[in-house]
**Q** 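Submitted below is the structure of interest, expressed as structure tokens.
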Amino acid sequence: MLTNKKSLLALSVVSALALTACGSDNDDNVVVTPPVVNPPVIVSPEDPTPLSFVVTANVTDIDTTDVVANASLKFFETVDGENVPSTNVLDVNGNAVSTIDLTNGSFVFTLKEGSTVNSLIVIASATGYASKSFTLDLTDKSADLASLLELKSTTVEGVKETVVEQAVSGGSSAETITAQAASGGADSTVAVEAGTVMRDASGNAITGSKVSLALTTASKESGSAAQITPQGLSGVESNGVAITAGVANIEMKDDTGVKIKQFSSPIAVSVNVPATTKIASLGRTIQTGDQLDLSSYNEDTAKWSRETSKATVGEMVGTSSYKVNFTTNHLTFLPFLTQHLRVNRTWV
């Protein structure tokens with residue numbers, strides 16, 4: 001090993017002497033000029049083409065304005081009257097996205113070149129917050145847009161989320177599944193009767209061995225009910241602006257992750273509604289026996305629908321609210337439509 005090192009050292013010395021001699025006089029006094037070595041030409045990379053239109057979506061807490069870091073966004077666009085996952089949203093790297101998980105509460109995106117999309121529905125969700133949909137108006141693409149997506153915490157007064165779990169077999173439970181959520185005047189309950197077959201969106205019975213039921217409600221009087229109601233509710237009204245009187249958001253899934261969307265028999269839901277709630281068509285506050293309009297929001301289609309069934313006002317609870325009851329055979333966000341702000345006429 002030492003012999004090899006010495007041989008290599010000797011070779012290096014000889015090479016160095018030979019290179020040194022190239023620039024000196026030789027025995028014939030002829031000067032040998034070393035070749036000119038030009039430095040390499042460094043070409044700067046071209047600047048990327050600037051994006052012509054950029055949208056920055058920021059997810060924050062509606063009360064504290066703090067950033068909601070670990071939020072998720074889903075993008076929908078309307079095609080032939082139906083809301084479908086967007087194919088025109090691009091991240092800053094040019095990748096098409098319809099869903100995105102955030103780590104810093106912010107997402108910057110643009111639209112495909114030549115896109116004719118003028119509005120997007122964005123559903124924002126995060127653990128500990130009521131999910132909500134927002135409609136972004138993208139008609140004016142001459143300037144960048146900053147959009148604030150404000151979510152309501154489910155741990156503050158006037159908002160409550162309750163989650164219960166129940167063992168199931170063959171798509172149904174041997175016991176009635178019940179949940180109640182109450183806080184600051186908000187109070188909702190839901191009951192899925194024993195033996196009711198729970199099904200996915202296609203009507204197939206679930207195959208899991210356990211289900212979870214998450215019930216979220218919010219108080220109208222504190223303003224929380226309106227804050228968690230998805231945007232676009234007034235779209236179900238042809239002649240005015242609908243106002244939420246009470247809400248019950250019910251989400252169920254089995255332990256395989258399949259969402260429960262349908263039931264073999266209707267489930268029962270009740271929501272406390274302030275006694276001061278007025279019915280536009282009658283011009284008075286609600287009373288026991290009144291029928292209230294009911295609408296639902298499907299987060300999987302980002303669409304509001306008017307229900308064919310009604311909600312019935314029950315007995316007064318204490319002195320400030322009524323228990324309103326209804327049944328449904330599917331799961332969505334369910335608010336009541338009892339007040340309408342109409343042109344030239346206002347109901348308050």
Side-chain angles (χ1 to χ4, degrees), residues 61-63 129-134 150-162 179-190 214-237 240-251 268-297 299 304-307 309-328 332-342 345-348:
D61 185 303
I62 195 170
D63 295 313
Y129 288 84
S131 61
K132 185 173 180 177
S133 72
F134 303 84
E150 296 178 310
L151 298 183
K152 185 76 172 183
S153 171
T154 56
T155 61
V156 298
E157 184 75 3
V159 184
K160 180 66 175 179
E161 180 186 45
T162 297
Q180 180 180 19
S183 173
D187 192 346
S188 296
T189 61
V190 60
L215 170 64
T216 304
T217 192
S219 166
K220 176 193 174 185
E221 294 175 311
S222 68
S224 298
Q227 290 175 332
I228 73 170
T229 299
Q231 291 181 355
L233 172 59
S234 295
V236 299
E237 287 300 314
V241 179
I243 297 178
T244 302
V247 297
N249 187 28
I250 308 164
E251 298 180 50
V269 183
S270 69
V271 180
N272 279 15
V273 173
T276 55
T277 301
K278 289 187 177 182
I279 301 178
S281 60
L282 300 178
R284 62 164 173 79
T285 57
I286 59 174
Q287 298 175 3
T288 299
D290 284 341
Q291 299 284 301
L292 305 182
D293 292 328
L294 188 65
S295 287
S296 63
Y297 183 80
E299 282 197 347
W304 279 102
S305 300
R306 172 65 72 84
E307 296 291 306
S309 59
K310 299 283 187 176
T312 302
V313 179
E315 297 297 323
M316 179 172 276
V317 180
T319 59
S320 60
S321 62
Y322 284 90
K323 183 72 72 176
V324 177
N325 308 291
F326 63 91
T327 61
T328 181
T332 46
F333 188 101
L334 297 156
F336 305 103
L337 304 180
T338 61
Q339 303 181 61
H340 305 221
L341 301 182
R342 301 183 179 179
R345 190 173 185 183
T346 303
W347 299 95
V348 295

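Just so it is clear, the model here is predicted, and its values are computed rather than measured. We number each residue from 1, following the sequence as shown. Values below: every heavy atom of this structure, side chains too, minus hydrogens, waters and symmetry copies.
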**Q** Is there a side-chain contact between Gln291 and Thr312 in this structure, where contact means two heavy atoms from C-beta onward sitting under 4.5 Å apart?
**A** yes

**Q** Between Leu292 and Phe326, does a side chain to side chain contact (heavy atoms under 4.5 Å, CB included) hold up when you go through it step by step?
**A** CA-CA 10 Å; Leu292 305 182; Phe326 63 91; over 6 Å; no

**Q** Out of curiosity, Asp293 CG to Lys310 NZ, how far, rounded to the nearest 0.5 Å?
**A** 3.5 Å

**Q** Do you know the tightest heavy-atom contact between Ser295 and Leu233?
**A** CB-CD1, 4.3 Å

**Q** Using a 4.5 Å cut-off on heavy atoms from C-beta on, say whether the side chain of Ser224 contacts that of Lys152.
**A** yes

**Q** What's the shortest heavy-atom distance between Ala214 and Glu161, and which atoms?
**A** CB-OE2, 4.2 Å

**Q** Mind checking side chain to side chain donor-acceptor pair (under 3.5 Å) for Glu307 and listing every partner two or more places apart, or none if nothing turns up?
**A** Ser296, His330

**Q** Would you call Asn249 and Phe333 a side-chain contact if the rule is heavy atoms closer than 4.5 Å?
**A** yes

**Q** Could you list the residues that satisfy side-chain contact (heavy atoms from CB on, under 4.5 Å) with Ala186, not counting sequence neighbours?
**A** Thr217, Ser219

**Q** Examine distances only and state if a side-chain atom of Ser183 and a backbone atom of Gly158 form a donor-acceptor pair shorter than 3.5 Å.
**A** yes

**Q** So which heavy atom on Leu215 is nearest to which on Ala179, and how close?
**A** CD2-O, 3.6 Å

**Q** Any chance you could measure Ile250, atom CD1, to Thr216, atom OG1, to the nearest 0.5 Å?
**A** 9.5 Å

**Q** How about Ser309 and Thr327: do any of their side-chain heavy atoms sit closer than 4.5 Å?
**A** no

**Q** Taking only residues two or more places apart in sequence or in another chain, which ones pass salt bridge (charged side-chain N to carboxylate O under 4.0 Å, His left out) with Asp290?
**A** Arg284

**Q** For Pro274 and Ala245, work out which heavy atoms get closest and say how close.
**A** CD-O, 3.9 Å

**Q** Could I get the full list of salt bridge (charged side-chain N to carboxylate O under 4.0 Å, His left out) partners for Lys132, not counting sequence neighbours?
**A** none

**Q** Could you list the residues that satisfy ring-ring contact (aromatic ring centres under 6.0 Å, His included) with Tyr322, not counting sequence neighbours?
**A** none

**Q** Kindly write out the residues that satisfy side chain to side chain donor-acceptor pair (under 3.5 Å) with Ser131, not counting sequence neighbours, or none if the list is empty.
**A** Glu299

**Q** Under the criterion side-chain hydrogen bond (donor to acceptor under 3.5 Å, both in side chains), which of Thr288, Thr189, Asn272 is the partner of Lys323?
**A** Asn272

**Q** Mark yes or no for whether Thr285, through its side chain, and Lys278, through its backbone, hold a donor-acceptor pair below 3.5 Å.
**A** no

**Q** Okay, side chain of Thr162, backbone of Gln180: is any donor-acceptor separation there less than 3.5 Å?
**A** yes

**Q** Once you round to the nearest 0.5 Å, how far does OG of Ser305 lie from CG of Leu334?
**A** 10.5 Å

**Q** If you compare all heavy atoms of Pro230 against all heavy atoms of Trp304, which two are closest, and at what distance to 0.1 Å?
**A** O-CZ2, 3.4 Å

**Q** Carefully, step by step, assess Asp61 and Tyr129 under the rule side chain to side chain donor-acceptor pair (under 3.5 Å).
**A** CA-CA 9 Å; Asp61 185 303; Tyr129 288 84; 2.9 Å; yes

**Q** Could you tell me whether the side chain of Val247 reaches within less than 4.5 Å of the side chain of Thr229, counting heavy atoms only?
**A** yes

**Q** On a heavy-atom basis, which atom in Val324 and which in Ala311 lie closest, and how many Å separate them?
**A** CG1-CB, 3.6 Å

